[in-house]
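The figures that follow rest on heavy atoms only: side chains count, while hydrogens, waters and symmetry mates do not. Below, chain A is the first sequence line, B the second, and so on; all start at residue 1.
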There are 2 protein chains.
Amino acid sequence: MPNIAPSTSMIQEHLKSLGLTKYECLVYIALLQVDGATATEIHEISGVPRASVYPVLDKLSKNQLVNVTTTSPKRFAATPPEEAIDSLIARITRNSAAVKHELTAIYEERTSMNHAERQEMIWNIHGSDNIGSRAVDLIQSAESSVAILSGTTILTPPIQKAISTLGPEITVEIATAGINARDDIPGNARELKIGIVPYPEKIQGDKHTPCIIIVDRQRVMAFVSDNADIPSALYSESPGFVNLFTGYWGFVKGHAPLP
Amino acid sequence: MPNIAPSTSMIQEHLKSLGLTKYECLVYIALLQVDGATATEIHEISGVPRASVYPVLDKLSKNQLVNVTTTSPKRFAATPPEEAIDSLIARITRNSAAVKHELTAIYEERTSMNHAERQEMIWNIHGSDNIGSRAVDLIQSAESSVAILSGTTILTPPIQKAISTLGPEITVEIATAGINARDDIPGNARELKIGIVPYPEKIQGDKHTPCIIIVDRQRVMAFVSDNADIPSALYSESPGFVNLFTGYWGFVKGHAPLP
DNA sequence: TACCTGTTGTTGTAGTTGTGACAACATTTA
DNA sequence: TAAATGTTGTCACAACTACAACAACAGGTA
């Protein structure tokens, strides 16, 4: 009587995102533990209704997650997880390559149009994961300069890496409080120690000190701590919005003691 | 009035396998074509009921597939397909790494047990994709020898590649009809020209000539063309089953003229 | 016979899809 | 200014679809 209660529901969730249903998960997990079984045995181990086991096994074997014998009654065995999951992922990846191609075709169709409208917009980004990945994208898009007004939590490892892989023709400046010694400043960045970081009231939050990233003096990402549960950030290419922050940056830079 | 009728349902199918619902697909595709729109405009373009647009946009923005403005009314824009799909895949891949770990733990738990039962089994494999990938796995597991009785269609590029990356300590022999010149024999394989390939009646099909792969004289994969729609193959480690084919192979080899 | 396997069809249930209505706000009109 | 009109965002709920669960049955095997 196998017992793996602790995380079996967790595994189900994960396998569902790979395209399996609840029953398919249960049957596959059951088969992993028994080195071959008949449909009825699978039903007993997994708890899946016996009649439902057959179509489930059918689909699993089509996806090469289980193997079937030629005997009567049929016996079934799970393929090793490594192999099975790789096979699932390969299928998904193949799919995605196709759909990526189709979607970009649609997307490119209107790339020629002017996008003045979009440039005047200020966009919201929710969730720290999203904020992080968008910040990395932004930094990697830099062509001439990156300026970062650094609060406490902005220089995460992915962002440090994005900065350090920038070419030497790109100026990277990071303004820090400069009170405590910091080990998170990439080598190709120039640190501006400016004491307590000043910031406009509008951007201030309670929990997080403000962070701003300005790229090529044309694109700005500002971290807005809304005191609520999920963090959010603003992004814009609007000249007015960008000017607000480049001016701010100039002020900070003017008051920073030379290193 | 955008029109991309040809493949829009196809794209839906693909996106669903990445975890999106029908509405989420429609809204995202609609947004790809318009460079920013309000909820009502999205409703008009995509055909999704206006009231349903809001929760859908909410979920899409959580997954960073669309961006939202701070304006009122809110405006929405799609993130470029490349970026969006990469983000979706990254999530799935991360998931799979975790689940792979959990499943292997379960799987390893019974690896110590004897698997005599399994060794006596003959397993079925359905579908040419599955057959191909299993054949590659089988060849890669070789430790001393690989013997292939080659029909017309077995030496696909993936299999050729699997063969050619085997170490020099592994003997690779491929029996061919040897009538026509072939360019699909990897360099590290020894070709046995045996004229018309003989085969037992039981394995013969109408459409495909029979193919057999024997690895380490212990594992056999035989391609069974069942004249039906989907091709299938047998795999076994059963000594009796394997002996059948090693004997067969010995016969073929005995009659092959030395190269 | 009795038992088990594999298949079919029916019913329940959860999640997605679709409709209508409503308060809040902005814009227009008298 | 006040009323009329229109739009946005939200809510509650009906309809539908795919999956889950069960009951019943034909064909084998002992």
*Could you state the CG-C1' distance from A/L26 to D/dA21, rounded to the nearest angstrom?*
13 Å
*For atom NE2 of B/H43 and atom P of D/dG6, their distance in whole Å*: 16 Å
*What's the spacing between A/L31 CG and B/Y107 OH if we round to 0.5 Å?*
11.5 Å
*At what distance, to the nearest 0.5 angstrom, does CZ of A/R134 lie from OG1 of B/T79?*
6.5 Å
State, with a plain yes or no, whether a side-chain heavy atom of [X] is found less than 4.5 Å away from one of [Y].
X: B/I11; Y: A/I106; value: yes
X: A/M221; Y: A/I131; value: yes
X: A/P81; Y: A/L32; value: yes
X: A/T40; Y: A/R50; value: yes

Contact list (N/O, under 3.5 angstrom) for nucleotides 8-10 of chain D vs protein:
from	atom 1	to	atom 2	distance (Å)
D/dT8	OP1	B/T40	OG1	3.4
D/dT8	OP2	B/T40	OG1	2.3
D/dG9	OP1	B/K74	N	2.9
D/dG9	N7	B/R50	NH1	3.0
D/dG9	O6	B/R50	NH2	3.0

_Test applied, side chain to side chain contact (heavy atoms under 4.5 Å, CB included); reference residue, B/V220; option that passes from B/L138, B/V242, B/I213_ = B/V242
_If the condition is ring pair (Phe, Tyr, Trp, His ring centres under 6.0 Å), which residues does A/F241 pass it with, not counting sequence neighbours?_
A/F245
Could you list, one pair per line, each protein nitrogen or oxygen that sits under 3.5 Å from a nitrogen or oxygen of nucleotides 11-17 of chain C, together with the distance?
from	atom 1	to	atom 2	distance (Å)
C/dT17	OP1	B/K22	N	2.9
C/dT17	OP2	B/T21	OG1	3.2
C/dT17	O3'	B/Y23	OH	3.3

